[in-house]
Amino acid sequence: MEPIHMVDLIGQHAAIENELNVAMQRVVKTGAFVKGPEVKAFSEELQTYTGSRFVIPCGNGTDALQIALMALGVGPGDEVITTGFTFISTVEVVALLGATPVLVDVHPDTFNINTEQVAAAITPRTKAIVPVHLFGQMADMDALLALSEKSGVPLIEDNAQAISARWYGAKGKRKNAPQSGTLGLMGTTSFFPSKNLGCMGDGGAIMTNDETIARRLQQIANHGMSKRYHHDVVGLNSRLDGMQAAILRVKLQYLDAYCAARQEAAARYDTLLKDIPGIQIPSRDLRSSHVFHQYTLQVDPDHRDALVEQMKANGIPTGVYYPVPGHRQKAFSTFGFSIEAYPVSDALAARVISLPMHTELTKSQQHTICDTLIKFVKQ
Ligand SMILES: *Cc1c(COP(=O)(O)O)cnc(C)c1O
């Protein structure tokens, strides 16, 4: 059997090698390496795909978050509410801008932000709420949109892990439900290679339906420039390059198929693992689709690390996302987060284990993974 990978980009790209080569050659021949026609075309295609009025491409998903906060003027004295059970970027950019990250806990079933705690954390200094659609399933957008409307605090969706997910809400599953990243004032995403829509380097984008915000985002991402060499605000150099855009244009056409493959793999894992004592399969919030950036189980925290080692010894990679929640990160120690205030994040950090999840995963690989897991899991 082929070796099992956590993510298999080589396999994914081999299947569309000719199209990728044609796209990359096009960039070489035109010489438009930074920004240029491929980037413009990709932005437009992503607008059409997501239904977002504006897509502003940028250098990576971390920059996307930073630029979004900068567009709201977030700085010292301001507070931004988010969760610490996420990749570091979500909290890091708040700190980088000199503002104060206000962390709230997550739900034990969906891993997503606890919206009652968000409501309680809003103060006159709150400048933004940043829900993360963790592992490919959306945070409770009905509650968050209601909170945003009531308080006037804008939402920035960190959509790095859930591009193409849909929010069904109370109306239930339907085809044209709004996509993740398009419900808040802004949505950010990442095209890091291992993300659901990945390029071959770094890339990111910000989405918005607000024209004024779109203009501001564009300007900030390009040195605060309005007219060539006229800089109205302090910005940054965060651009998508032509090669990445050309690659993304090819892969965007397969994004629905990639999501379907992930969902199929997740359903198979569910079937194989749902009745095994000692294993808790990921729960679904039926108000959102789930695009399975990760397939994350919960196991006995006393045996989780041993399980990771045993899987590894048997040739099966797994991941722990995330072992250290934001409130325990040394880099954020100056914010004085309470160690007792995040029991769910702490419990999850000790209990989670993510299985290989990608578009090339085979049935037989999944059987091997689950057989091995079941053998070692403490029941
Ligand atoms: C990957 C990721 C980011 C950052 O994206 P980069 O392109 O790596 O900078 C931000 N937030 C979340 C939740 C992510 O998973």
Is a donor on one side and an acceptor on the other found under 3.5 Å between the side chain of Thr126 and the backbone of Thr123? yes

Does any donor atom in the side chain of Asn237 or Arg239 lie under 3.5 Å from an acceptor atom in the other side chain? yes

Does any part of the side chain of Arg268, heavy atoms only, come nearer than 4.5 Å to the side chain of Thr271, both counted from C-beta? no

With ring centroids as reference points, do Phe191 and Phe42 lie under 6.0 angstrom apart? yes

Establish, from distance only, whether the side-chain atoms of Asp285 and Thr110 form a donor-acceptor pair under 3.5 Å. no

Heavy atoms, side chains only, cut-off 4.5 Å: are Gln25 and Val22 in contact? no

How far apart are the closest heavy atoms of Thr100 and Val94, and which atoms are they? C-CG1, 3.7 Å

Please give me the minimum heavy-atom distance between Gly278 and Val377, naming the atom from each residue. O-CG2, 3.9 Å

If I take atom CG from residue Asn222 and atom SG from residue Cys58, how far apart are they, to the nearest 0.5 angstrom? 11.5 Å

Any donor-acceptor pair under 3.5 Å from His358 side chain to Leu361 backbone: yes

For the pair His223 (side chain) and Met225 (backbone), establish whether a donor and an acceptor sit closer than 3.5 Å, ignoring hydrogens and angles. no

Would His133 and Gln161 satisfy side-chain hydrogen bond (donor to acceptor under 3.5 Å, both in side chains), going step by step from the backbone distance to the final call? CA-CA 6 Å; His133 302 316; Gln161 301 190 0; over 6 Å; no

What I'd like to find out is whether the side chain of Asp241 reaches to under 4.5 Å of the side chain of Phe33, using heavy atoms alone. no

Working to the nearest 0.5 Å, report the span between CD1 of Ile279 and SG of Cys370. 7.5 Å

Residue pair Ala205 / Val55: nearest heavy atoms and the distance that separates them: CB-CG1, 4.1 Å

Test item: Glu79 side-chain N/O and Ala99 main-chain N/O as donor-acceptor pair under 3.5 Å: no

Does the side chain of Glu38 come within less than 4.5 Å of Leu240's, by heavy atoms? no

Polar contact flag, side-chain donor to acceptor under 3.5 angstrom, Asp109-Ser283: no

Which class fits the ring pair His290 and Phe292: parallel under 30°, tilted 30 to 60°, perpendicular over 60°? parallel

On a heavy-atom basis, the closest approach of Gly36 and Ala32 is CA-CB, 4.2 Å

State whether the side chain of Gln12 and the backbone N or O of Thr359 hold a donor-acceptor pair below 3.5 Å, judged by distance alone. no

Whether Arg284 and Asp270 form a salt bridge (side-chain N of Lys/Arg under 4.0 Å from carboxylate O of Asp/Glu) is what I want to check. yes

Ile220 side, atom CD1; Gln66 side, atom CD - distance, nearest 0.5 Å: 9.5 Å

Output, in order, the C-alpha distance, side-chain angles, deciding distance and verdict of side chain to side chain contact (heavy atoms under 4.5 Å, CB included) for Asn112 and His107. CA-CA 6 Å; Asn112 277 328; His107 283 295; 5.6 Å; no

Side chain to side chain contact (heavy atoms under 4.5 Å, CB included) between Gln294 and Met6, worked out: CA-CA 10 Å; Gln294 298 294 343; Met6 197 64 192; 4.0 Å; yes

Should we count CD1 of Ile10 as having more than 12 external heavy atoms under 6.0 Å? no

Residue pair Asp142, Thr115: steps toward the side chain to side chain contact (heavy atoms under 4.5 Å, CB included) verdict: CA-CA 10 Å; Asp142 286 350; Thr115 53; over 6 Å; no

Rounded at 0.5 Å granularity, tell me how far NE2 in His327 sits from CZ in Phe337. 9.5 Å

If we ignore hydrogens and angles and just use 3.5 Å, is the side chain of Arg287 paired with the main-chain N or O of Trp167 as donor and acceptor? no

Report yes or no: do Met141 and Ile129 belong to one cluster of Ile/Leu/Val/Met/Phe/Trp/Tyr joined by side chain heavy-atom distances under 4.5 Å? yes

Look at the side chain of Arg304 and the backbone N and O of Ala349, then say whether any donor-acceptor pair between them is shorter than 3.5 Å. yes

With distance as the sole test, does Gln253 use its side chain to make a donor-acceptor pair with the main-chain N or O of Arg249 at under 3.5 Å? yes

Check whether Glu44 reaches the backbone of Val39 with its side chain - one donor and one acceptor, N or O, closer than 3.5 Å. no

When rounded to the nearest 0.5 angstrom, what is the spacing between OG in Ser151 and CD1 in Ile122? 4.0 Å

Arg328 bridged to Asp346 by N-O distance under 4.0 Å: yes

For the residue pair Tyr254 / Glu19, report whether a side-chain donor-acceptor contact shorter than 3.5 Å exists. yes

Taking the side chain as C-beta and beyond, is there a heavy-atom pair between Asn159 and Thr188 under 4.5 Å? no

Could you tell me if the side chain of Ser43 sits less than 4.5 Å from the side chain of Ile56, heavy atoms only? no

Full working for side-chain hydrogen bond (donor to acceptor under 3.5 Å, both in side chains) between Ser345 and Asp105: CA-CA 6 Å; Ser345 298; Asp105 214 352; 2.6 Å; yes

Do Arg53 and Asp210 pass the salt bridge (charged side-chain N to carboxylate O under 4.0 Å, His left out) test, and can you show the C-alpha distance, the side-chain angles, and the key distance before you say yes or no? CA-CA 8 Å; Arg53 257 186 91 198; Asp210 184 307; over 6 Å; no

Indicate the atoms forming the closest heavy-atom contact of Val352 with Val320, along with that distance. O-CG2, 3.9 Å

Using modelled atom types and a 3.5 Å cut-off, is there a donor and acceptor pairing between side-chain atoms of Gln179 and backbone atoms of Tyr49? yes

Among the clusters formed by ILVMFWY side chains lying less than 4.5 Å apart, do Ile113 and Val153 turn up in the same one? yes

Are Ile67 and Leu72 grouped together when hydrophobic residues (ILVMFWY) are joined by side-chain heavy atoms under 4.5 angstrom apart? yes

Distance check, rounded to the nearest 0.5 Å: Thr189 atom OG1 versus Asn60 atom CG? 11.5 Å

Can you hop from Val308 to Ile369 via hydrophobic side chains spaced under 4.5 Å? yes

Are Ile316 and Val299 connected in the hydrophobic side-chain network, where two residues link if heavy atoms are under 4.5 Å apart? yes

Gln219 side chain near Ser226 side chain, heavy-atom distance below 4.5 Å: yes

Looking at every non-hydrogen atom in both residues, tell me the closest pair between Lys251 and Gly198 and how far apart they are. NZ-O, 3.0 Å

Please tell me if the side chains of Leu355 and Tyr269 come closer than 4.5 Å, counting only heavy atoms from C-beta onward. yes

Start with the C-alpha gap between Leu134 and Thr296, add the side-chain angles, then the distance that decides, and say whether side chain to side chain contact (heavy atoms under 4.5 Å, CB included) holds. CA-CA 10 Å; Leu134 204 71; Thr296 303; over 6 Å; no

Ring centers of Phe135, Phe111 separated by less than 6.0 Å: yes

